[in-house]
Amino acid sequence: MNNLEKNDASTPLIVLFHGLSSSPLEFNFLGSQLIAAGYRVDTPAIQGYSFGGNASSWKSWLNEAISHVKNLQETESKPIAVGGISLGSTMALAVASELNDILGVVALSTTLKYNGWSMPWYRPLIPVGMALGLGDRYKYMEKDPFGIKNPQIRAYIKRVLSSQSISDVGGAYMSLRHMHEGNKLCKHVIKNLPNVSSAILTIHAVDDEIANVLNPQLIAKYSSAATLRQIYLGDSYHMITVDNERETVAAEVRSFLDSIYGKFKLEPYEDKILSPELQRFLRNIKRGKESK
């Protein structure tokens with residue numbers, strides 16, 4: 001979905017990176033909403049990172065992503081925003097830590113640590129598998145819930161993946177080497193979060209089964225963002241651009257972009273909780289502290 005031609009070249013541009021071993025299909029809905037709002041959307045594929053073919057190194061992924069954004073910066077009249085979902089969000093943060101004049105970062109379901117409730121117990125053994133030569137031979141097959149809480153959408157994704165190898169939420173499988181290199185990128189970004197000074201929007205599901213809410217909290221703790229907005233969702237899993245609250249996600253991303261491009265003023269720090277479950281949890285903690 002490299003829709004650079006859909007709006008006038010003077011309109012702002014956001015570059016969105018899809019998740020690991022996936023495709024730009026993840027941004028079909030979000031991209032269309034941003035284009036309708038007057039933005040241009042670029043969703044690059046990255047060799048060895050995107051679905052199809054063997055994995056390359058995380059450094060080659062990052063170098064290609066940086067080069068892509070840098071080339072766009074040379075021709076744009078306005079500063080560029082970057083963003084992504086899952087490890088694509090991690091990639092966007094990595095790009096923002098390396099390049100100047102990145103106006104904002106849209107961090108959706110950011111994955112800095114794979115600590116969600118569905119992660120298999122053997123994930124820490126990835127280095128062992130690599131040492132045994134299984135990097136390109138072992139493939140992790142995607143399975144329920146496919147990052148989707150909505151049962152109808154989940155059933156649709158399951159049908160799609162039964163007949164083809166790619167869907168709106170990613171590929172049918174991921175190699176061990178992809179996972180291993182992804183872990184290295186996560187470590188690199190955590191180390192370099194202090195170098196990210198762009199405005200940041202994080203949107204994360206409380207029930208994210210891949211990466212729990214510690215991930216956006218790491219961004220808040222370690223980044224140098226002068227403006228940070230954090231939103232928590234209560235009716236989605238990992239793939240928030242496709243799941244129940246996709247319209248909320250699109251609206252909040254548009255609002256953030258409108259703010260950083262000067263259409264209205266955003267507060268320096270805002271924590272917005274859209275999850276009733278999390279709101280109740282935090283209220284109970286507050287009550288417990290006040291009663292002591």
Side-chain angles (χ1 to χ4, degrees), residues 1-3 6 14 16-37 41-46 49-53 83-91 106-111 114 116-120 123 139-175 178-179 182 203-213 215 231-254 274-277:
M1 182 200 295
N2 292 320
N3 286 301
K6 294 292 184 180
I14 179 168
L16 296 173
F17 297 100
H18 62 72
L20 179 61
S21 193
S22 186
S23 80
L25 289 173
E26 294 177 338
F27 297 118
N28 275 354
F29 180 77
L30 175 59
S32 68
Q33 296 297 299
L34 294 179
I35 291 165
V41 179
D42 180 47
T43 55
I46 296 176
Y49 170 86
S50 300
F51 183 78
I85 187 166
S86 191
L87 201 71
S89 170
T90 311
M91 183 77 75
V106 173
L108 308 176
S109 301
T110 305
T111 306
Y114 287 86
W117 54 263
S118 77
M119 288 293 91
R123 202 175 200 288
K139 290 182 172 56
Y140 173 79
M141 305 303 296
E142 295 293 340
K143 56 182 184 295
D144 279 334
F146 301 106
I148 300 294
K149 189 171 186 178
N150 182 290
Q152 287 79 29
I153 299 175
R154 190 191 307 170
Y156 166 74
I157 296 298
K158 192 172 185 177
R159 286 197 303 272
V160 170
L161 291 179
S162 69
S163 60
Q164 61 189 59
S165 57
I166 192 74
S167 75
D168 288 7
V169 299
Y173 58 83
M174 184 183 302
S175 75
H178 275 102
M179 297 162 70
I203 309 181
H204 214 93
V206 174
D207 292 328
D208 191 316
E209 83 284 9
I210 303 297
N212 70 26
V213 294
N215 288 270
I231 296 172
Y232 296 95
L233 306 174
D235 195 25
S236 299
Y237 287 164
H238 190 63
M239 295 307 300
I240 58 176
T241 55
V242 179
D243 211 348
N244 288 319
E245 294 160 297
R246 59 191 178 277
E247 293 183 358
T248 298
V249 171
E252 293 293 348
V253 172
R254 176 185 174 178
L274 301 183
S275 163
E277 295 86 353

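Just so we're clear, the structure is a prediction, and the values are computed from it rather than from any experiment.
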Q: Find the distance between CD1 (I157) and OG (S162) and round it off to the nearest 0.5 Å.
A: 11.0 Å
**Q.** Backbone of N244 reached by a side-chain donor or acceptor of D235 within 3.5 Å
**A.** no
Q. Do D208 and V213 have side chains that get closer than 4.5 Å, going by heavy atoms?
A. no
**Q.** Minimum heavy-atom distance between F27 and F17, given as atom pair plus value
**A.** CZ-O, 3.3 Å
(Q) Give me the atom names and distance for the closest heavy-atom approach of I153 to V242. (A) CD1-O, 3.4 Å
(Q) Within the 4.5 Å heavy-atom criterion, are M91 and L87 side-chain neighbours or not? (A) no
Q: Find the distance between NZ (K149) and CZ (R154) and round it off to the nearest 0.5 Å.
A: 9.5 Å
Q: Taking Y237 for its side chain and I210 for its backbone only, find out whether a donor-acceptor pair lies under 3.5 Å.
A: no
Q | Note, E142 side chain near Y140 side chain (heavy atom, < 4.5 Å) | A | yes
(Q) Counting neighbours of OH on Y156 that are heavy atoms of other residues, nucleotides or ligands and sit closer than 6.0 Å, is the number greater than 12? (A) no
(Q) Just verifying a value: how many Å separate H18 NE2 and I85 CD1, rounded to the nearest 0.5 Å? (A) 12.0 Å
Q.
So which atom in G19 and which in S86 form the shortest heavy-atom distance, rounded to 0.1 Å?
A. CA-CB, 4.4 Å
Q. Looking at H204 and A211, what are the two nearest heavy atoms and their distance?
A. NE2-O, 2.6 Å
Q) Do V253 and I203 pass the side chain to side chain contact (heavy atoms under 4.5 Å, CB included) test, and can you show the C-alpha distance, the side-chain angles, and the key distance before you say yes or no? A) CA-CA 9 Å; V253 172; I203 309 181; 4.1 Å; yes
Q.
Quick check for you: to the nearest 0.5 Å, what is the distance between M179 atom CE and Y114 atom OH?
A. 8.0 Å
Q) Do M239 and T241 touch side chain to side chain, with heavy atoms closer than 4.5 Å? A) yes
Q: Using modelled atom types only, decide if a donor and an acceptor are shared between the side chain of T110 and the backbone of N215 within a distance under 3.5 Å.
A: no
Q | All ring-ring contact (aromatic ring centres under 6.0 Å, His included) counterparts of F51, not counting sequence neighbours | A | Y173
**Q.** F146: partners by ring-ring contact (aromatic ring centres under 6.0 Å, His included), with sequence neighbours left out
**A.** none
Q: Kindly check if the number of other-residue, nucleotide or ligand heavy atoms within 6.0 Å of NZ (K139) is above 12?
A: yes
Q | Side-chain (S165) to main-chain (A172) donor-acceptor, under 3.5 angstrom | A | no
Q | Pairwise distance CD1(I148) to CZ(R246) - rounded to 0.5 angstrom | A | 9.0 Å
Q: Compare every heavy atom of G170 with every heavy atom of L161, then report the nearest pair and how far apart it is.
A: CD2-O, 4.1 Å
Q | Any donor-acceptor pair under 3.5 Å from E245 side chain to S236 backbone | A | yes
**Q.** Taking every non-hydrogen atom, the tightest pair across S23 and S167
**A.** OG-O, 4.4 Å
Q: Answer whether the closest heavy-atom distance between the side chains of L233 and V249 falls below 4.5 Å.
A: yes
Q) To the nearest 0.5 Å, how far apart are NE2 in H238 and CG in L108? A) 10.0 Å
